[in-house]
Structure formats: structure tokens, C-alpha cells
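Down below is the structure, laid out as C-alpha cells.
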2 protein chains.
Amino acid sequence: MSRNSRADVVAAAGRLFARNGYHGTSMRELGRELGLRGSSLYSHITSKEALLLDVVERAAQLFDASAAAALATEGNAERRLRILVAGHVDVVVDHLDEARTFLNEARSLDDASRRRVLDHRDRYERSFRRVLAEGVDEGRFRSDLDPALAGIMLLSILNAIDRWYRPDGPLDRDALVTSIISFVIDGLGGRPVAAN
Amino acid sequence: MSRNSRADVVAAAGRLFARNGYHGTSMRELGRELGLRGSSLYSHITSKEALLLDVVERAAQLFDASAAAALATEGNAERRLRILVAGHVDVVVDHLDEARTFLNEARSLDDASRRRVLDHRDRYERSFRRVLAEGVDEGRFRSDLDPALAGIMLLSILNAIDRWYRPDGPLDRDALVTSIISFVIDGLGGRPVAAN
DNA sequence: CCTACCGATCGGTAGG
DNA sequence: CCTACCGATCGGTAGG
């Protein structure tokens, strides 16, 4: 049994913040999770809130990297949209605790930190909006589409995945992405090309 | 300046729980919100957690009533779906604090209460699933539609409304409902009947 | 990473 | 609805 690294502390904090919330997690509980005293955590970190910021920024970086990779990909808007969605799903499934903390606990940050996190969120949202607008320009999506509103609704679907999706359930990751894309592009009433 | 009623306490609790979370709200703060001491709250309630349950159950009842009214309405699936969505929007916009507390703070309830709230949530979700399945039966929605999955995605959109929608913004309530219905039925690529 | 501890605050009760 | 409290717990520091 070796000592804990700072990364261990951040990972354990993500687990507890995701499960019980920031205010619902005490430093003593976090210490217990790592097999040490709450006070010992302060040799790794400077404050509880700085720890929250670490967790949240880790998630923000992952989402950033995913969006950057999608936007750097060649292809039409539909293909790029699928990569954007698949990247989001990967982040949520592979880094569930950080993603949840990012989505639900950012409000507990102080004003300056929260502002920076919201900026990340806005930039991420703009990536979606851009690809949606490209799709309209390409004549691939409805010309009367509002990319801002559509982006919000697509992201609403993506940001709720952590509330219901189980990677070990009947729907594998790729099928999840396909379902979302199909729902978003064809809708409830849409007639898929093959069926028309 | 008259005394506070129990309903006042529940309403104020909804405000603070929605804004700062259950664990982020102290009884002394709640008292301050109402112009009295934290300890005085206990003449209205029995515990902080019972207060959370009051707020959450109020929201659950509103959602229940909305779904019941929609399902009691005559008409085809598309019409019933619109009523279901409009009812949800009404609850969220008119009872924002309770809706937020319902969505984000139910996990802080004890096991038995949380279980009951989740049952409410499941029943509500089934109402959506039922109307979606009706639409498939009527030949109005895609025959390959998975009503369970589509219900989750529609509800994901609805449950995120409180995170971005401002009733005093450019989009009024009815336009919001229309946008959601259009997004969900026609999708990004769907060709509206008139444009085909 | 530990023990020992700090002042502040927590939910809640007693007794008016 | 108030004052006066209760024991427990909070985030964090000092000093090894």
C-alpha cells in the first residue's frame, strides 16, 4: 500500500462530488475514501474548493479536446456531427465522475472560477452550433433551422446521458451514438432515405 | 408584516434549495430569507429533510397533474404530445424552484422517500412513452422508433429547459413548445410537409 | 501522512 | 416566534 498522489486525490474527489455533491462531501469522508485523515489531504491540495476546480477543469479539458478533434476532421457536417457526438459520449462514459461534477457542481465554485468554466461551456456549445450551421449551408439540414436552439437541444440530450445510460446494458456505445444521431436528424416523423 | 405560513416556508426552501442545493442551504439562511431565526422554522416543520420532501413532492404532483390532463385529452398522438410538452413547460416556468429542486436535489432524500420520487418520475416517463407508441401505431411516427429511447431524449430536452430558458427573453412560452415539437418531430434534416 | 487542535457552523431542542 | 443552548461536524492549521 503506497502513498496517494495528487491525481489520486482529484480522482477520489470526483467520485464523491459526483455521488454526494460538493457540499455533501466532507474532507474527512474524502480522506477515508483514500485511507487517510482529512487533514492529511492538505499536503496535496490547498483547499476544498481548489480541489473542485481541479475536477471540473479536468472535465472541461476533455470536452475541449474532443470538440477540437471533431472540428479538425474532414468531411461533411453530418459526419462531423457524429464525431462530435461520439466524442461527447466517450468523455461521459470514460470519465463519468468528472463529467457529472462538471455538469452539476460548477455552481459551487467562486465567481471567477465559475465564470471560466462557463466560458469553456460556451465555447463547446459554439462548436456544436458551427457544425449545425455548416449542415444548413451544405443543404443537408433544414434551411429554417435555428442552429443555436438546435445546439441547445442536442446538448440537452448529451448532458443527460449520465443520468440513465449504463455502458454494460443492452445499448453499446456505438448504438447509443447512432440512436442519438438518428433521433436528432430524422426525428420522430422523419422518413429515413431507405424507407422512402 | 404578518407571520409566515408553512407554505411560505416550503416556497422559500424551494428557492434556496434550487439556488444553492440542499446541502448548500442552512436552516439559519432559510430563516433569514423569511425574516426569522433558524430555530423558529421548527414550529412549521419537523426536519430539514422533511422540508426537502415537501418541495420535491409538490413538483412531482404538478408533473403528475400535467401528464394526467394530457392523457385525458382527445386527439391524435401529435396533438397529445404537444399538450404533454406544453404542460411540462408550464410546470417548469411557473414553478421553477420546485422543478429544479425536484430534478437536482432528490438524491439528498433518504432511501424510502427517494424511491417514491423515482416512482413518480418513472410514471411520468411512461406517459411520454405511451403517447410516442400511440404515434407509431397511428402511422404518424417512424415505425422503427423505440418509444422508450425517444421518451428519454425528449425528456432530456425538457429537463434541461430550466438551465437556459428565460421567459422574459425573445422566445415566448408557445414558441418554445413549437420549437421543441418541431425539433423532435422533424429533426435536423426533416422536410416539413409544406416544404416538400 | 499523523495527532492535536482551532473557531465557526451545522441541525435541532427546551422552555418560554 | 424568541433566546439560549446542545453535541456533532465542518474546513483548515501547527508542528512534527
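All chains are named by letter (A, B, ...) in the order of the sequence lines, taking the proteins before the strands, and each is independently numbered beginning at 1.
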Between P of dC1(D) and CZ of Arg32(B), the distance in whole Å
16 Å
Using OP1 and OP2 only, check whether a side-chain N or O of Arg37(B) sits under 4.0 Å from dC1(D).
no
For Asp174(B), is there any backbone N or O sitting under 3.5 Å from a side-chain donor or acceptor partner on Thr178(B)?
yes
What is the nucleic acid contact for Ser47(A), judged by heavy atoms within less than 4.0 Å: base, sugar-phosphate only, or nothing?
sugar-phosphate
Under 4.0 Å between a side-chain N/O of Ser40(B) and OP1 or OP2 of dC2(D), yes or no?
yes
Atom-to-atom span, OH of Tyr42(A) to C1' of dT3(C) - whole angstrom
16 Å
Which ring-ring contact (aromatic ring centres under 6.0 Å, His included) pairs, counting each pair once, include a residue from residues 13-40 of chain A, with sequence neighbours left out?
Phe17(A)-Tyr22(A)
If I take atom CZ in residue Arg28(B) and atom P in nucleotide dC5(D), what distance separates them, rounded to the nearest angstrom?
14 Å
Let's go through Ser182(B) and Arg142(A) carefully: what are the C-alpha distance in whole Å and the side-chain angles of both, what is the deciding distance for side chain to side chain donor-acceptor pair (under 3.5 Å) to 0.1 Å, and is it a yes or a no?
CA-CA 11 Å; Ser182(B) 157; Arg142(A) 292 157 48 194; 3.1 Å; yes
Comparing Glu29(A) with Thr46(A), nearest DNA chain D nucleotide closer to 5' gives the residue Glu29(A)
What do you reckon, are the aromatic ring centroids of Phe63(A) and His88(A) less than 6.0 Å apart?
yes
What is the distance from NE2 of His44(A) to P of dG12(D), rounded to the nearest Å?
15 Å
Which is true for His23(A) with a 4.0 Å heavy-atom rule: it touches a base, it touches only sugar-phosphate, or it touches nothing?
nothing
Atom-pair distance (CE on Met27(B); P on dC1(D)), nearest Å:
13 Å
Spacing of Arg6(A) atom CZ relative to dC1(C) atom P, expressed in whole Å:
14 Å
Calculate the interatomic distance between Leu36(A) atom CG and dG12(D) atom P; express it in whole Å.
16 Å
Calculate the interatomic distance between Leu41(A) atom CG and dG12(D) atom C1'; express it in whole Å.
11 Å
Would you mind pulling out the nucleotide paired to dC6(D), Watson-Crick or G-U wobble, both distances under 3.5 Å?
dG11(C)
Main-chain N/O of His44(A) paired with Arg6(A) side-chain donor or acceptor, under 3.5 Å:
yes
So what does Ser26(B) touch, heavy atoms closer than 4.0 Å: a base, only the sugar-phosphate, or nothing?
sugar-phosphate
